[in-house]
> 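Below is the structure I would like to discuss, written out as C-alpha cells.
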Amino acid sequence: MRVFPDPILRQRARKVTQFDAKLAQLAADMAETMDAHHGVGLAANQVGVLQRMCVVKMEDWEEALVLVNPEIMRREGLREVEEGCLSLPGYRGMVNRAERIRVRYQDLTGKQQRLKAECMLAQAVEHETDHLNGVLYLDHLIAHDQFFRIHVNEEGDVEYLPTGEPDAAELEAAAQRMNGRNIAPRSDLPQFDPSNGRPAARQTDDAGVAD
Ligand code: ZN
C-alpha cells in the first residue's frame, strides 16, 4: 500500500487501452488488497500502478465492482461527509461530496458501462476517481481544522485529535497501530453551517481563539 506522501499518489494515472488477462489479474489483486485493509475502495495508484482503474465494494456486496477509465458525467446535490483513505491511515477529515453521481466506465472486457450511485457508493467512486487524477481528500477538506488524527485508546475507544499536516513517520506509526482495524465514523462530529460551509460554533480549548 502506497502511503502519503508517496509522490505516485499525486500523479495522474494513464488511460487503460489493453483489456487483457494482466488487467484482470491487477483488478483481482486490488480487490484482495482492499479487503485485507477493510477498505470500501482502492485505486491503482495506491498499489503503485498508474493505470486508470479502481475497485469499490460496499459492506453488503459479495464482489468488488471494477471500474476501468471511470468518468463522472454528472454530480447532483452536496453533502458533508466524513472520509478516510487507506493511503492516509489513522486520519479522517470532513469533506463535501455529491449526493448522487452518474459514472461512465469500462468493465474488464472493455465494454462501456454506466452507473448511477448515491450515498456511500457515490462517495467511494468520487474518492477513487480523484485518486486516478492525483487528488486526495485532503484537497477537499471543508476547513483546515476539519482533519483529525484517530487514536484508539486502551479501552478500544476511538478518539479524534486535531492535527495539522500529516507527516510520514506519524502515518507509518498509525498504520501499525491500526493494523487493518476498521474504524467506524464517529457520530458526534461538529455541525456545519450550510450558509457558508464553515463549522458552526464549536468548543475549543484554545482560550477563546476563533477560527
Ligand atoms: Zn483513498
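Sequence positions, counted from 1, serve as the residue numbers for this chain. Both ligands and their constituent atoms are indexed starting at 1 by order of listing.
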> Going by atom type alone, with no hydrogens or angles, which donor-acceptor pairs under 3.5 Å involve a side-chain atom of residues 14-28 and a protein atom two or more places apart or on another chain?
from	atom 1	to	atom 2	distance (Å)
Asp20	OD1	Lys22	N	3.3
Asp20	OD1	Leu23	N	3.0
Gln25	NE2	Asp29	OD1	2.9

> Using ring centroids (six-membered ring only for Trp), state whether Phe148 and Tyr91 fall under 6.0 Å.
no
> Please go through Leu115's hydrophobic cluster and name the other residues, only I, L, V, M, F, W, Y counting, with side-chain heavy atoms under 4.5 Å joining them.
Val40, Val56, Met58, Trp61, Leu65, Leu67, Ile72, Ile101, Val103, Tyr105, Met120, Leu121, Val125
> Spell out the protein N/O/S atoms under 2.8 Å from the Zn ion (ligand 1) as residue plus atom name.
Cys85 SG, His127 NE2, His131 NE2
> Do Glu99 and Glu118 come within less than 4.5 Å of each other through their side chains, counting heavy atoms only?
no
> List, one per line, each side-chain donor-acceptor pair under 3.5 Å for residues 2-10, sequence neighbours excluded.
from	atom 1	to	atom 2	distance (Å)
Arg2	NH1	Asp6	OD2	3.0
Asp6	OD1	Ile8	N	3.0
Arg10	NH1	Gly134	O	3.0
Arg10	NH1	Asp139	OD2	2.7
Arg10	NH2	Asp139	OD1	3.0

> So how far is it from Cys85 SG to Gln46 CD, rounded to the nearest 0.5 Å?
5.0 Å
